[in-house]
Each structure stands twice: as structure tokens, then as C-alpha cells.
Number of protein chains: 2
Amino acid sequence: MADTIDNDEDGVWLYCSNSAIRRAARQLGQLYDDAMGDSGLKGTQFSLLSQIRLLGAPSLKTLANAMVMDLSALGHTLKPLLRDGLVELVPDEQDRRVKRVRLTPVGRAKQKEVATRWKEAQRRFDEVFGEDRSAELRRTLALISSPEFAKAFATTGSDPS
Amino acid sequence: MADTIDNDEDGVWLYCSNSAIRRAARQLGQLYDDAMGDSGLKGTQFSLLSQIRLLGAPSLKTLANAMVMDLSALGHTLKPLLRDGLVELVPDEQDRRVKRVRLTPVGRAKQKEVATRWKEAQRRFDEVFGEDRSAELRRTLALISSPEFAKAFATTGSDPS
DNA sequence: TCTAGATAGTGGCATATGCCAGTAAATCAA
DNA sequence: TTGATTTACTGGCATATGCCACTATCTAGA
């Protein structure tokens, strides 16, 4: 019982937006991953499959930009999905530097299958957090994720170049 | 130019709160890490140092709970900080299972030094996003990170046990 | 056309995070 | 007191992410 007092009242997350968002991301990741259960996919992987499905057959660069993810990070994250045959890389016809990602039939089926679980998780989130508030939060987060925001952040205050 | 059209309008992050928050976390992580510059610390590490400083000499369990982080994950994340002599583990007197983490003098100095950079990043965030809105966002994220939220999420809807 | 510079990916290395199995220590119960 | 159970960590394995260096292409300019 020693530590039970746990001065949880105070924490960096109350002052630091970066800490706050990472902390919440860990929690939510936990919750959604649990919801994915034994499907064999993590929340991140499901997001990736879904976004690929949405874009059709985007180049790695395009997908990375959409996910606000480093290109090489995307490459690494895709590895397990490639290994398991859920996605495949096809060289672009016009530009031979480019590789496009797309779902395999298996990947397409898997995405659809797991979507049911995801919907349930999202439903729970909306129910607990509030549907409108939930939508608003996603808009806010999308704003923070935008290149315009990054640019503004980088140039605000100093830097009169 | 092929891909320039980039149908950025649509994305899973508009529907999935988990995707949305992870995406924003990546962006913000990027921004804060850039701000940390050559300090040698990543945003995550600075958060950890700051939280340890705030709690004094918490047990790993206590710190993990506060950060909403898996105990073993915390252990791993602490490795580089231990290696670099910024933090140290001291066995608890009463309970020999427990180890407490605390900043070393070097760690304390480093935290203080980097805090300047962090403040600038936070200032930029507040300036671009809005100070009040920023504070409100942190409160919202803290709510999502709370054990009460997790419990509500886990029991909402079904599960009448 | 040939070369300098820009682009898209890949592979290696390092940190961030989580799960699971295993160990040591404390606690509870008979 | 002692055996069953719980608790706090550790170590191994796997995914998530990012940086940097390097390669293959493509593009623009001389």
C-alpha cells in the first residue's frame, strides 16, 4: 500500500501538450487494440489497411504523407503486413522509382472483417466521450496534423527569414 | 507530379479517433523533437525526466501508472536514460520488490537545461493553437487518459456482468 | 546528350511501446 | 509456519517510428 497515495493530481501532461497527446494515444491504443482482440491486427495496422483501401493504390510517399508518417517508418510498418500477405507493392508504370501499395484480396477481406470490431470500439468511444465531442476532437487533431499547422508552428514568433 | 492531386480530403483519421490521435501525436512529436534540437533528448525522454522530477522518487509502477504506460515499456524506455546517467534506480527500503527512479544530479541539470527549449515549443504551440484551447485540449486528453475513462469504455454497452 | 540536383525507396541503427514468461519478494490463508 | 496467490520487475520478442546514408531514377539545364 506504500505508494497508494499516488499524487496523481499533478503531471507533466497538464502542462505539456506533447506529453498529453502521447499519453492519451497510449491509452486509446490500448483500448482499441483490446477491441481488435484476437483478429491478429493492431489498431495501427488496421488504420493503415483502411487508409490504403481508401486511397486505392497510393505510392509509399503519398501514403506516408497522408498518415503524417516518415517514409522509412511507413516502410518498416508495412513489413509485417507484406509478410502476412495483406498488402503488396507494385512498381509504378510511369516512374520506376515509385512503388504503389495495395491490398491483396486477403488484405481486403481482413480489413472488412476487422472493421466490425473497429466499429464497436469507435461506438464505445463515442458513447463514453460523446458523439459530437468525438467528431470535434477528430477535427481538432486533424488540424494539428496538417502541414499548415506544422508550418505555422515552425515560423511563429522568431524566424523572420 | 503524378501524385500531386493527393486526395488528402479523405482519411481514416476523420472517422477513427485512434488513428486521429496517433497521427496528431506523430506530428506533435516531430515538432517538439525538432524544438529539442541538439539537446540530445527526445520529447518523450524529457517528459519522463520531468515527471520523475515532479514525483521525486516514484516506484517504477507508480511512474508507469502516471504515464499510462506499460511497466515493461517504461523499463525499456528508461534504459537509455540510465545508460547516460540521467536517472538511477534505488531499491526501496520497505519493500525489496520495489525500485524507485530518481534523477541524478546530471539528470536534474539536463532536465532544467532542456526545459528552456521545451518552454519555447509549448509557447509556439499555444500561440498557433490558442492558449485557452490548448489548455482545454490537455484537459480533454487527460480525461481520455484516465482510468475512469478506460473503465467506462470497457463496460459501456454490453457486458452486464 | 550529359551532368548536377531533386526524388522515392531501402537498410541499418536507435528509441518507444506492449505482451508474455519467469523470478523474487510480500501477503494471505489454513 | 508454510503453501497458494499476488505483486513488482526483468528479459526476450515484435511492432511503431524516426534519422541517416546509399541506390536507383527522373528532371532540368548547359
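Per chain, numbering begins at 1; letters A, B, ... match sequence-line order.
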**Message:** Looking at B:G85, is its backbone amide N or carbonyl O close enough to the side chain of B:T104 to form a donor-acceptor pair, meaning the two atoms are under 3.5 Å apart?
**Reply:** yes
**Message:** From CD of B:E93 over to C1' of C:dA26, roughly how many Å is that when rounded to an integer?
**Reply:** 16 Å
Between protein and nucleic acid, restricted to nucleotides 8-11 of chain C and to nitrogen or oxygen atoms under 3.5 Å apart, what atom pairs and distances do you find?
residue : atom : partner : partner atom : Å
C:dA8   : OP2  : A:K61   : NZ           : 2.9
C:dG9   : OP1  : A:L60   : N            : 3.2
C:dG9   : OP1  : A:K99   : N            : 3.0
C:dG9   : OP1  : A:K99   : O            : 2.9
C:dG9   : OP2  : A:K61   : N            : 2.7
C:dT10  : OP1  : A:K99   : NZ           : 2.7

**Whole-Å gap separating C1' (C:dT7) and CD (A:Q94)** = 16 Å
**Prompt:** Can B:E113 and B:K110 be counted as an ion pair, charged N to O under 4.0 angstrom?
**Reply:** yes
**Asked** Which residues within residues 26-43 of chain B lie with some heavy atom under 4.0 Å of an atom in DNA chain D?
**Response** B:R26, B:Q30
**Item:** Side chain A:R26, main chain B:V68, donor-acceptor under 3.5 Å
**Value:** yes
**Prompt:** To the nearest angstrom, how far is A:Q51 atom CD from D:dA16 atom P?
**Reply:** 16 Å
**Message:** Output the rounded distance in Å from CG (B:L49) to P (C:dA16).
**Reply:** 11 Å
**Complete:** A:D70 has its side chain closest, among C:dT15, D:dG18, D:dA16, to D:dG18
**Asked** Could you give the CZ-to-P distance, from A:R96 to D:dT23, as a whole number of Å?
**Response** 18 Å
**Request:** Evaluate the side-chain contact (heavy atoms from CB on, under 4.5 Å) criterion for residues A:Y15 and B:S50: first the C-alpha distance (whole Å), next the side-chain angles of each, then the deciding distance (0.1 Å), finally the verdict.
**Result:** CA-CA 11 Å; A:Y15 316 105; B:S50 299; over 6 Å; no
**Request:** Figure out the CG/P separation between B:L78 and C:dT15, and round it to whole Å.
**Result:** 13 Å
**Asked** Can you list the residues that meet the side-chain hydrogen bond (donor to acceptor under 3.5 Å, both in side chains) rule with B:D38, with sequence neighbours excluded?
**Response** B:R117
**Shared hydrophobic cluster, B:V114 / B:L82 (ILVMFWY, side-chain heavy atoms < 4.5 Å)** = yes
**Message:** Counting C-beta onward and ignoring hydrogens, is there a side-chain heavy-atom pair between B:T140 and B:L143 closer than 4.5 Å?
**Reply:** no
**Request:** Could you state the atom-to-atom distance from CG of B:D84 to C1' of C:dA14 in whole Å?
**Result:** 12 Å
**Asked** What's the CG-C1' distance between A:L48 and D:dT17, to the nearest Å?
**Response** 12 Å
**Item:** Check: A:L63 and A:Q51 side chains under 4.5 Å, non-hydrogen atoms
**Value:** yes
**Item:** Cationic N near anionic O, under 4.0 Å, A:E148 to A:K151
**Value:** no
